[in-house]
Amino acid sequence: MTKFKTIRGMNDVTPSEVSVWQFVEASIRSIFASYAYDEIRFPIVEQTELFSRSVGESTDIVSKEMYTFEDRNGDGIALRPEGTAGCVRACLENDLLRVDSPRLWYMGPMFRYERPQKGRSRQFHQASAEVFGIDNHNVDAELMMMATNLWDVLGIKNQVNLEINSIGNSDTRKKYKNLLQEFFQSFSSELDKNSQRQLTENPLRILDSKSKKIKEILVNAPSILDQLDSESEDHFNKLKDLLTKLNINFEVNDKLVRGLDYYNKTVFEWKTKDLGAQDTVCGGGRYDDLVGQLGGKDSPAVGFSMGLERLILLVKEYSKDNVTTETELDCNFICLTDDSVSYALINAEKIREAIPTINLKVNLQVTSANSQFKRADKSGSKIALIVGEEELKDNTISIKDLAIKESQETLSLDQIINRLKKLY
């Protein structure tokens, strides 16, 4: 019989790993809520054209990495490789941009066909924030402040560094592309095939190269900051000044461009030295032209996305004290006879009704008392509730604090509930 396995690059999250995911996800929700960002949810499948038009036909994401297929009507469908395009589509379709300047967040799986390695999977998860309708540096800074506070909550603030840049407007980028093409002419023989293709289609892509040789060449490349229009330059200078006032440490990296075609003006990334080649933990920037490109009325916009798998690797390494590896129980029902199991189930429901926050497990199979107590200890349970023949006969429950020897008492259900209320 065939033994099925996960598809390469798509991973299970087992119960022993779920707690760190829940900690990270809960921290993200809490931080976003504290800044009054509203959650939005949209499908993981969209029309393929949505991504080819927004992300860019020449990007690796669209040309090489998207999971695409035709549905039964012959329409082109894609699993979302990133979230911003879908978020913009959802805002336009649901008329969210007409009246307000929404500040939104979302979280969920994305899909790219890449070579799996540490911190990079074919199904991966992102949490993102997007803001529409605000055309100034203040919102850029707020996003960076929000992310900085998240790193603090997650316990990884010292493991990530912020890099920022400005890539100006469309005229800036056209001029800069021509300068890069001229610069790389004398190095054409040293470029790999991918970089040669990018040099023709979109030279800014080369700035994002991981090749050590190309990085050495780029040291002497012209800087896009020297080509900025006056509006973009003013925006960038005000942003740097505000980040300094907010005590947010940053470094200007004039080679930072991000990997998607829709960005303009501000771009930024948080990087780490602890994950090898996959060093970007969070990245984003402005995309003031994207709403118009997708059929809406022009609207300024800015946002970021963070990779949860990479965050979790850092949290597991540097923030162990914040996360338990397994779910800890409050109470464990020890059942010593077959009849005691149904008795425990009935009374467990009454306890949950009285104390909704309690974490209570009933042992549904009767094994030796010794083995049940061992499992209760292993689960982290603090209290054992014991039902045997005597308790059944007297309509009582015995309670034992597992941290104290000789602590067992036999009480009525009401007394048990009152005792547990004081603890939970």
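Sequence positions, counted from 1, serve as the residue numbers for this chain.
Under the 3.5 Å distance criterion, the side-chain polar atoms of S223 are matched with a main-chain donor or acceptor of L225. Distance alone, capped at 3.5 Å, places no donor-acceptor pair between the R112 side chain and the M66 backbone. With hydrogens and angles ignored, the 3.5 Å screen pairs a side-chain donor or acceptor of D401 with a backbone N or O of A403. With Y262 contributing its side chain and A85 its backbone, the two residues share no donor-acceptor pair below 3.5 Å. Side chain of Q372 to main chain of C335: a donor-acceptor pair is present (N/O by atom type, distance under 3.5 Å, no hydrogens or angles). Although no hydrogens or angles enter the test, the distance criterion places no donor-acceptor pair under 3.5 Å between the side chain of T266 and the main chain of G285. Side-chain atoms of S52 come within 3.5 Å of backbone N or O of E49 as a donor-acceptor pair. Distance alone, capped at 3.5 Å, places no donor-acceptor pair between the E309 side chain and the S121 backbone. In this structure a side-chain-to-backbone donor-acceptor pair under 3.5 Å is missing from E93 to A90. Side-chain atoms of D100 never come within 3.5 Å of backbone atoms of P102 as a donor-acceptor pair (strictly under, hydrogens ignored).
At a threshold of 4.0 Å, the pair D261-R53 does not count as salt-bridged, since none of the basic side-chain nitrogens sits closer than that to a carboxylate oxygen. No salt bridge links K374 with D377; every basic N to acidic carboxylate O contact stays at or beyond 4.0 Å. The pair E82-R80 does not meet the salt-bridge criterion, since no charged nitrogen lies less than 4.0 angstrom from a carboxylate oxygen. For E353 and K350, the salt-bridge test fails: no basic side-chain N is under 4.0 Å from an acidic carboxylate O. A salt bridge does not link R122 with E114: none of the charged nitrogens is closer than 4.0 Å to a carboxylate oxygen.
The local environment of NZ in K240 is crowded, with over 12 non-hydrogen atoms from other residues, nucleotides or ligands closer than 6.0 Å. In the displayed structure, E231 atom CD is contacted under 6.0 Å by at most 12 heavy atoms of other residues, nucleotides or ligands. In Q47, the CD atom is not crowded: 12 or fewer heavy atoms of neighbouring residues, nucleotides or ligands sit closer than 6.0 Å. Environment of CD in Q365: sparse, with no more than 12 heavy atoms of neighbouring residues, nucleotides or ligands closer than 6.0 Å. Applying the 6.0 Å contact sphere to NZ of K361 captures no more than 12 heavy atoms from other residues, nucleotides or ligands.
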- Message: Quick one, L402 with K382, criterion side chain to side chain contact (heavy atoms under 4.5 Å, CB included). Give me CA distance, side-chain angles, the key distance, then yes/no.
- Response: CA-CA 6 Å; L402 292 173; K382 303 173 184 66; over 6 Å; no
- Message: side chain to side chain contact (heavy atoms under 4.5 Å, CB included) for K177 and N202? Distances and angles first, verdict last.
- Response: CA-CA 7 Å; K177 287 175 183 178; N202 190 345; 3.4 Å; yes
- Message: side chain to side chain contact (heavy atoms under 4.5 Å, CB included) for M146 and F304? Distances and angles first, verdict last.
- Response: CA-CA 11 Å; M146 186 163 65; F304 65 64; 4.0 Å; yes
- Step by step, work out the side chain to side chain contact (heavy atoms under 4.5 Å, CB included) result for L97 and V291. CA-CA 10 Å; L97 306 184; V291 174; 3.9 Å; yes
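Side chains of L207 and L180 form a contact here, defined as non-hydrogen atoms less than 4.5 Å apart. For the pair C87 and Y106, the minimum side-chain heavy-atom distance is below 4.5 Å. Residues E251 and I164 have side chains not in contact (no heavy-atom distance under 4.5 Å, counting atoms from C-beta outward). Two residues are said to be in side-chain contact when any heavy atoms from C-beta on lie closer than 4.5 Å; L242 and D140 fail this criterion. Side-chain contact between W105 and D38: absent, with no pair of heavy atoms (C-beta onward) separated by less than 4.5 Å. Using a 4.5 Å heavy-atom threshold, the side chains of N332 and F373 count as separate. Between L336 and V366 there is no side-chain heavy-atom pair separated by less than 4.5 Å. Side chains of Y37 and L104 form no contact here, defined as non-hydrogen atoms less than 4.5 Å apart.
Here S166 contributes atom OG and L228 contributes atom CG; the two are 4.5 Å apart, rounded to the nearest 0.5 Å. Remark: M107 CE to L308 CG distance equals 6.5 Å, nearest 0.5 Å. Residue F23 holds its CZ atom at 10.0 Å from CD1 of I28, rounded to the nearest 0.5 Å.
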Could you list the donor-acceptor pairs under 3.5 angstrom formed between side-chain atoms of residues 415-424 and any protein atom two or more places apart in sequence or on another chain?
unit_1: Q415; atom_1: OE1; unit_2: S412; atom_2: N; d: 2.9
unit_1: Q415; atom_1: OE1; unit_2: S412; atom_2: OG; d: 3.3
unit_1: N418; atom_1: ND2; unit_2: D414; atom_2: O; d: 3.3
unit_1: R419; atom_1: NH1; unit_2: E409; atom_2: OE2; d: 3.0
unit_1: R419; atom_1: NH2; unit_2: E409; atom_2: OE2; d: 3.1
unit_1: Y424; atom_1: OH; unit_2: D330; atom_2: O; d: 3.2

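Here D288 pairs with N264, R286 under the side-chain hydrogen bond (donor to acceptor under 3.5 Å, both in side chains) rule; sequence neighbours left out. In this view, Q117 and R115, R120, A277, Q278 satisfy the side-chain contact (heavy atoms from CB on, under 4.5 Å) rule, not counting sequence neighbours. Here T272 pairs with D274 under the side-chain hydrogen bond (donor to acceptor under 3.5 Å, both in side chains) rule; sequence neighbours left out. Partners of K271 by salt bridge (Lys or Arg N to Asp or Glu O under 4.0 Å), not counting sequence neighbours, listed by chain and number: E163, E269. Among residues two or more places apart in sequence or in another chain, the side-chain hydrogen bond (donor to acceptor under 3.5 Å, both in side chains) test is passed with Y35 by N149.
Checked by atom type, the side-chain pair N169/S232 shows no donor-acceptor distance below 3.5 Å. S379 and S381 form no side-chain donor-acceptor contact under 3.5 Å, judged by distance and modelled atom types alone. Of the N and O atoms on the side chains of T410 and S398, at least one donor lies less than 3.5 Å from an acceptor on the other residue. Side-chain contact, E130 with T84: a donor N or O sits under 3.5 Å from an acceptor N or O. The closest side-chain donor-acceptor pair between N161 and N249, if any, does not fall under 3.5 angstrom. Residues Q293 and Y287 have side chains that never bring a donor and an acceptor to within less than 3.5 angstrom of each other. Looking only at atom types and distance, the side chain of D234 has no donor-acceptor partner in the side chain of H137 under 3.5 Å away. With no hydrogens or angles considered, a side-chain donor-acceptor pair links S368 and S371 at under 3.5 Å.
When all heavy atoms are compared, the tightest approach of V387 to F333 is CG2-CE2, 3.6 Å. Here the shortest heavy-atom pairing between P43 and R89 reads CD-NH2, 3.5 Å.
Checked options T280, N165, I167; the residue passing with R258 is T280 (criterion: side-chain contact (heavy atoms from CB on, under 4.5 Å)).
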